[in-house]
Amino acid sequence: MNAFEYKNKLLYVEDVSLQELAEVYGTPCYVYSKAMIESNYRAYERALSQWPARICYAVKANSNLAVLNLLAKLGAGFDIVSIGELERVIRAGGDVKKVVFSGVAKRSDEIRRALVLGIDCFNIESTAELQRLDAITKEMDIRSNVSLRVNPDVDATTHPYISTGLKENKFGVDINDALEIYQKIAACSHLDAVGVDCHIGSQLLDLSPFQSCFEKVFKLVDQLLDAGIQLKHVDVGGGLGIRYEDGEQPPSMQQYAEVLAPFMAGRDLEVFIEPGRSIVGNAGVLLTRVEHIKNTADKNFALVDAAMNDLMRPSLYSAWHDITAVEQTDNKKTSYDVVGPVCETGDFLGKGRELDIQEGSLLVIHDAGAYGFAMSSNYNTRLRAAEILVDGDEVHIIRMRETFDQLLANEIIPD
Ligand code: LLP
């Protein structure tokens, strides 16, 4: 499905016109489609239905309470990387018993709180973390499930900043050391080794790195069985990419499951998966208005009211997001660099985009539902954008635009 479509030359999200949303709620704002999030979630559910499976949505991709609440109602578990994310999950009505806690440097206070709240499983990333968890569980006398995140040394062939499964990356333990670490876990009085975990990177458009990763991880599962260690689940991480640019063809959830199938055959294991981007990425857009058109000798700039602080991905990863005008015309298009008001040359949302626009036109930055608002900041003392969730013809404001009072509330001028 696609929830963002032109009707009578105006862009709609489900049954609501984006022009109307801009008029009522102002710009910049993030707009999400409930139906699209649901459809992405259901596609995972269908693809994995042949096994016992838990979809642990990666909260970091989009952590708005309404989005988490929607996924909780659909039955999702959650992959968290901080205690803040766990507090969100709980406030959104998520089930703590379906939470896995990932991350390379969990603080002791975070571990304690997660134990008290009763999460399902810690994805341990080092022996140092194991020692810390062992000590804390003994001291608090609370048992906990653990899964070991292994680093399979597989090249995800994605942007280097979001590639995580190579030996040189900070994530997980060397898969060759895993057996020894599982033996250490077996000796910890309050820990139960229930799973193995991996996550090789994000925005993967090719299935072969997943295949290589599964080969190594399931070989380890067999080695563990030989050593008398029977796991209950394999956590395959997240990472499935989405289409940002024409020509990109991300594999479907079904195709992903087909790669996993031979490895799962005949095993008494539950699959955990930690998708973020592929659940919310194409379900959201950033809506922005053109403040000025500036034509120079070299270039035409569309100066818009959204900036790198609202959507960092283009500046940080040179990421491409489609940009279209909310109003379609038959006029000739001109090439524009779409840039924000922030005082940096790196503040761009897209370069060389063919558009027919003028001052006041509305633009949509597509596929911004994942790692959009979640990575936004207040740089240049810009208020963070509003967020809106559309459900058919119903509009829900799910985050009010920030106010200056909120922004400055924690700052103190000493006497
Ligand atoms: N599990 C773990 C342990 C992760 O570190 C991540 C993402 C995920 C799951 C979810 O991956 P996904 O399905 O969303 O690819 N800010 C970057 C992406 C960073 C991803 C970090 N880890 C971007 O905007 O592209």
Side-chain angles (χ1 to χ4, degrees), residues 30 37 40-41 43-44 47 54-63 67 71 76-82 85 99-106 121-126 129 147-152 156-166 169-173 195-207 209-210 213 217 234-245 248 250-251 253 256 271-284 286 308 310-321 349 365-377:
Y30 277 93
I37 298 176
N40 290 332
Y41 181 85
Y44 269 114
R54 185 190 300 173
I55 302 164
C56 292
Y57 167 68
V59 174
K60 63 171 82 70
N62 183 326
S63 51
V67 171
L71 289 162
F78 296 92
D79 167 49
I80 58 157
V81 290
S82 73
E85 288 190 347
V99 168
V100 298
F101 195 167
S102 302
V104 285
K106 303 174 189 78
C121 189
F122 287 86
N123 289 340
I124 307 184
E125 302 224 14
S126 63
E129 185 187 343
S147 172
L148 188 63
R149 176 165 176 184
V150 294
N151 183 325
T157 59
T158 181
H159 190 284
Y161 288 7
I162 54 175
S163 184
T164 51
L166 282 170
N169 301 138
K170 67 180 174 183
F171 300 97
V173 300
V196 60
D197 169 45
C198 56
H199 171 76
I200 55 173
S202 198
Q203 184 53 14
L204 274 74
L205 292 172
D206 181 8
L207 288 170
F210 287 119
C213 173
V217 168
V234 170
D235 183 335
V236 291
L240 198 60
I242 62 168
R243 191 217 71 105
Y244 284 104
E245 203 171 346
E248 283 178 341
M253 287 78 165
Y256 177 92
V271 178
F272 287 13
I273 190 165
E274 304 171 354
R277 188 190 316 266
S278 48
I279 299 248
V280 289
N282 62 5
L286 174 59
M308 64 188 288
D310 299 301
L311 179 64
M312 272 185 86
R313 304 194 69 259
S315 305
L316 191 58
Y317 315 114
S318 305
W320 171 284
H321 286 258
L349 297 165
I365 324 290
H366 291 266
D367 307 304
Y371 308 109
F373 186 91
M375 291 175 77
S376 67
S377 78

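Whatever order the structure lists them in is the order used to number ligands and atoms, beginning at 1.
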Less than 4.5 Å apart, side chain to side chain, heavy atoms only: is that true for Leu240 and Pro250?
no

If the cut-off is 4.0 Å to any non-hydrogen atom of Pro275, which atoms of ligand 1 fall inside it?
13 (O)

Any Tyr371 side-chain heavy atom under 4.5 Å of Lys60 side chain
yes

Is the closest N or O pair between Tyr317 and ligand 1 shorter than 3.5 Å?
yes

Side chain, backbone, both or neither: which part of Asn123 comes within less than 4.0 Å of ligand 1 when only heavy atoms are counted?
neither

Is a side-chain donor or acceptor of His321 paired with a backbone partner of His366 at a separation under 3.5 angstrom?
yes

Do any N or O atoms from the side chain of Glu274 and from the backbone of Cys56 form a donor-acceptor pair under 3.5 angstrom?
no

Taking N or O atoms only and a 3.5 Å limit, does Leu240 qualify as a polar contact for ligand 1?
no

How far is atom 1 (N) of ligand 1 from its nearest protein heavy atom, and which residue and atom is that?
Glu274 OE1, 2.6 Å

Are side-chain heavy atoms of Phe171 and His199 found at a separation under 4.5 Å?
no

For ligand 1, which atoms sit closer than 4.0 Å to a heavy atom of Asp79?
1 (N), 2 (C), 9 (C)

Going by the atom numbers of ligand 1, which of them fall below 4.0 Å from some non-hydrogen atom of Arg277?
12 (P), 13 (O), 14 (O), 18 (C), 23 (C), 25 (O)

So Gln203 and Ile242, do their side chains get closer than 4.5 Å, heavy atoms only?
yes

Please say whether the positively charged group of Lys106, taken as NZ for Lys or CZ for Arg, lies over the ring of Phe101, i.e. under 6.0 angstrom from the six-membered ring centre and within 45 degrees of the axis.
yes

Taking 4.0 Å as the limit for heavy-atom contacts, which would you say applies to Arg313 with ligand 1: side chain only, backbone only, both, or neither?
side chain

With side chain to side chain contact (heavy atoms under 4.5 Å, CB included) as the test, pick out the partner of Leu148 among Asp197, Ile124, Asn123.
Ile124

Counting heavy atoms only, which part of His199 comes closer than 4.0 Å to ligand 1: side chain, backbone, both or neither?
side chain

Going by heavy atoms, is Gly237 under 4.0 Å from ligand 1?
no

Distance filter under 4.0 Å to Gly276 heavy atoms, resulting ligand 1 atoms:
12 (P), 13 (O), 14 (O)

Gly238 neighbourhood, listing ligand 1 atoms whose heavy-atom distance to it stays under 4.0 Å
9 (C), 13 (O)

Nearest non-hydrogen protein atom, atom 19 (C) of ligand 1
Ile162 CG2, 3.6 Å

Per-atom contacts of ligand 1 with Arg149, taking only distances under 4.0 Å to non-hydrogen atoms
3 (C)

Regarding Arg243 and Glu248, does a basic nitrogen lie under 4.0 Å from an acidic carboxylate oxygen?
no

I'd like to know whether ligand 1 has Lys60 as a neighbour, heavy-atom separation below 4.0 Å.
yes

Asn62 and Tyr30, any side-chain heavy atoms less than 4.5 Å apart:
no

Expected output: side-chain Tyr41 to main-chain Ala76 donor-acceptor under 3.5 Å:
yes

How close does the nearest protein non-hydrogen atom get to atom 20 (C) of ligand 1, and which residue and atom is it?
Tyr371 OH, 3.6 Å

Short N/O distance, under 3.5 Å, between Ser278 and ligand 1?
no

Testing Asp79, Leu71, Ile37, Ile80 one by one against Tyr57 for a side chain to side chain contact (heavy atoms under 4.5 Å, CB included), which residue passes?
Leu71

Is there a polar contact between ligand 1 and Gly239, counting only N or O atoms under 3.5 Å apart?
yes

Answer with side chain, backbone, both or neither: which part of His159 has a heavy atom less than 4.0 angstrom from an atom of ligand 1?
neither

Just to be sure I read this right, does ligand 1 sit under 4.0 Å from the backbone of Ser202, its side chain, both, or neither, counting only heavy atoms?
both

